[in-house]
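Worksheet for the structure shown next.
The shown structure was predicted, so the numbers you read here are calculated from the model rather than taken from an experiment. Hydrogens, waters and symmetry mates play no part in the numbers below; they use all other heavy atoms, side chains included. Residues: numbered from 1 along the sequence shown.
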Amino acid sequence: MLVNNAGYGYQASIEEGVEAEIRAQFDANVFGLFAMTRAVLPVMRKARRGHVINITSVAGLMGFPGSGYYAASKHAVEGWSDALATEGAPLGIKVTCVEPGPFRTDWAGRSLHQTENRIEDYAETAGARMKNTANYSGKQPGDPARAAAAMIALAENDNPPRHLVMGAFGYEAVTTKLRERLAQIEAWKETTLGTDFPAE
């Protein structure tokens with residue numbers, strides 16, 4: 001069993017993102033997770049069993065203003081996890097992404113990095129969300145103890161899900177986004193199918 005939980009949040013508008021902060025975010029949230037998993041995979045492969053649990057986020061399935069770089073790091077882990085699940089399945093290695101919404105952890109507290117919003121054009125989007133995040137710390141609806149219990153149950157399950165969204169906010173946000181995305185794809189189906197070479 002490997003639980004990749006290390007990571008932290010970085011908030012900035014896309015335009016105001018600081019290169020050093022962005023790269024540090026990816027080093028922790030993405031490249032560190034990749035390296036840790038590569039180190040453990042030989043043991044799991046030899047045993048022909050294992051379970052990799054990656055703590056991503058609701059932001060791994062959708063983006064929010066002010067959290068574009070954080071979302072990008074979590075999207076990277078989600079896509080990588082799809083590939084790992086496919087490669088690992090024949091070897092008995094399972095993969096689950098746990099996608100929490102807002103939980104009462106230190107994520108929005110002292111571990112959060114922010115680049116102050118100074119461009120007025122982003123004040124009502126990225127700037128507003130960044131202020132809200134700081135004020136929300138310690139008041140989130142998600143209970144870390146209940147999340148831990150759910151993860152223990154997940155670890156003990158012989159048929160774990162590929163995705164486990166946590167919290168009511170997460171459930172509503174993710175299911176709404178997926179329905180909207182599917183509807184948009186279906187609405188453009190004719191254009192999509194028209195980009196192949198004509199059938200002979």
Side-chain angles (χ1 to χ4, degrees), residues 1-11 25-26 28-30 32-34 36-37 50-89 93-109 111-112 125-126 128-130 132-186:
M1 179 72 59
L2 170 64
V3 179
N4 283 311
N5 186 49
Y8 66 93
Y10 170 57
Q11 290 186 319
Q25 170 93 114
F26 272 76
N29 293 9
V30 181
L33 181 148
F34 290 174
M36 191 69 196
T37 306
H51 190 181
V52 178
I53 299 176
N54 294 322
I55 310 302
T56 66
S57 170
V58 167
L61 301 173
M62 58 195 301
F64 297 96
S67 295
Y69 295 107
Y70 176 72
S73 75
K74 295 302 186 177
H75 274 67
V77 173
E78 288 281 353
W80 177 87
S81 296
D82 281 341
L84 177 61
T86 303
E87 294 176 8
I93 300 170
K94 301 177 176 74
V95 180
T96 301
C97 281
V98 174
E99 296 120 351
F103 271 73
R104 216 166 289 183
T105 66
D106 192 42
W107 186 93
S111 69
L112 179 65
T125 54
R129 185 161 186 276
M130 288 164 63
N132 183 55
T133 300
N135 295 332
Y136 202 37
S137 184
K139 302 171 188 173
Q140 300 96 323
D143 180 350
R146 290 175 183 266
M151 287 184 59
I152 291 169
L154 171 72
E156 294 173 341
N157 193 298
D158 291 333
N159 189 28
R162 171 64 188 80
H163 300 276
L164 179 61
V165 179
M166 289 195 174
F169 171 90
Y171 177 84
E172 290 300 325
V174 169
T175 55
T176 298
K177 175 59 76 174
L178 290 176
R179 288 189 194 101
E180 289 173 353
R181 187 169 295 171
L182 182 59
Q184 191 173 77
I185 291 169
E186 292 292 355

Among all residues two or more places apart in sequence or in another chain, which pass the side-chain hydrogen bond (donor to acceptor under 3.5 Å, both in side chains) test with Arg129? Ser67
Can you pull the side chain to side chain donor-acceptor pair (under 3.5 Å) pairs that have at least one residue in residues 167-184, sequence neighbours excluded? none
First locate atom CG of Leu33, then atom CH2 of Trp80, and finally report the distance between them rounded to the nearest 0.5 Å. 5.0 Å
I'd like to know if the side chain of Gln25 and the backbone of Tyr8 have a donor-acceptor N/O pair within less than 3.5 Å. yes
Minimum heavy-atom distance between Phe103 and Ala147, given as atom pair plus value: CE2-CB, 3.6 Å
With side chain to side chain donor-acceptor pair (under 3.5 Å) as the rule and sequence neighbours excluded, what pairs involving residues 54-64 come up? Asn4-Asn54, Asn54-Ser81, Thr56-Glu78
Results of side-chain hydrogen bond (donor to acceptor under 3.5 Å, both in side chains) for Arg162 - residues two or more places apart only: Asp82
Residues Ser73 and Phe26: closest non-hydrogen pair is N-CZ, 3.6 Å
Can you tell me how far the NZ atom of Lys94 sits from the CG atom of Asn159, to the nearest 0.5 Å? 7.5 Å
State, to 0.1 Å, how close Tyr10 and Leu112 come at their nearest heavy-atom pair, and which atoms those are. N-CD1, 4.2 Å
Check: Leu154 and Pro161 side chains under 4.5 Å, non-hydrogen atoms: yes
Is there side-chain contact between Ile53 and Val98, with heavy atoms separated by less than 4.5 Å? yes
State whether the number of non-hydrogen atoms from other residues, nucleotides or ligands found under 6.0 Å of Met151 atom CE is greater than 12. yes
With Tyr69 via side-chain hydrogen bond (donor to acceptor under 3.5 Å, both in side chains) - residues at least two apart: none
One should read off an interatomic distance between Thr133 OG1 and Phe64 CZ, to the nearest 0.5 angstrom, of 10.0 Å
Counting N and O atoms only, with roles assigned by atom type, does the side chain of Lys74 sit under 3.5 Å from a partner on the main chain of Ile55, one being a donor and the other an acceptor? yes
Do any N or O atoms from the side chain of Arg104 and from the backbone of Gln140 form a donor-acceptor pair under 3.5 angstrom? yes
Compare all side-chain heavy atoms of Leu61 with those of Glu99 and state whether any distance is below 4.5 angstrom. yes
Looking only at non-hydrogen atoms, find the nearest pair between Pro102 and Pro141 and report the distance. O-CD, 3.8 Å
Could you list the residues that satisfy side-chain hydrogen bond (donor to acceptor under 3.5 Å, both in side chains) with His51, not counting sequence neighbours? Thr96
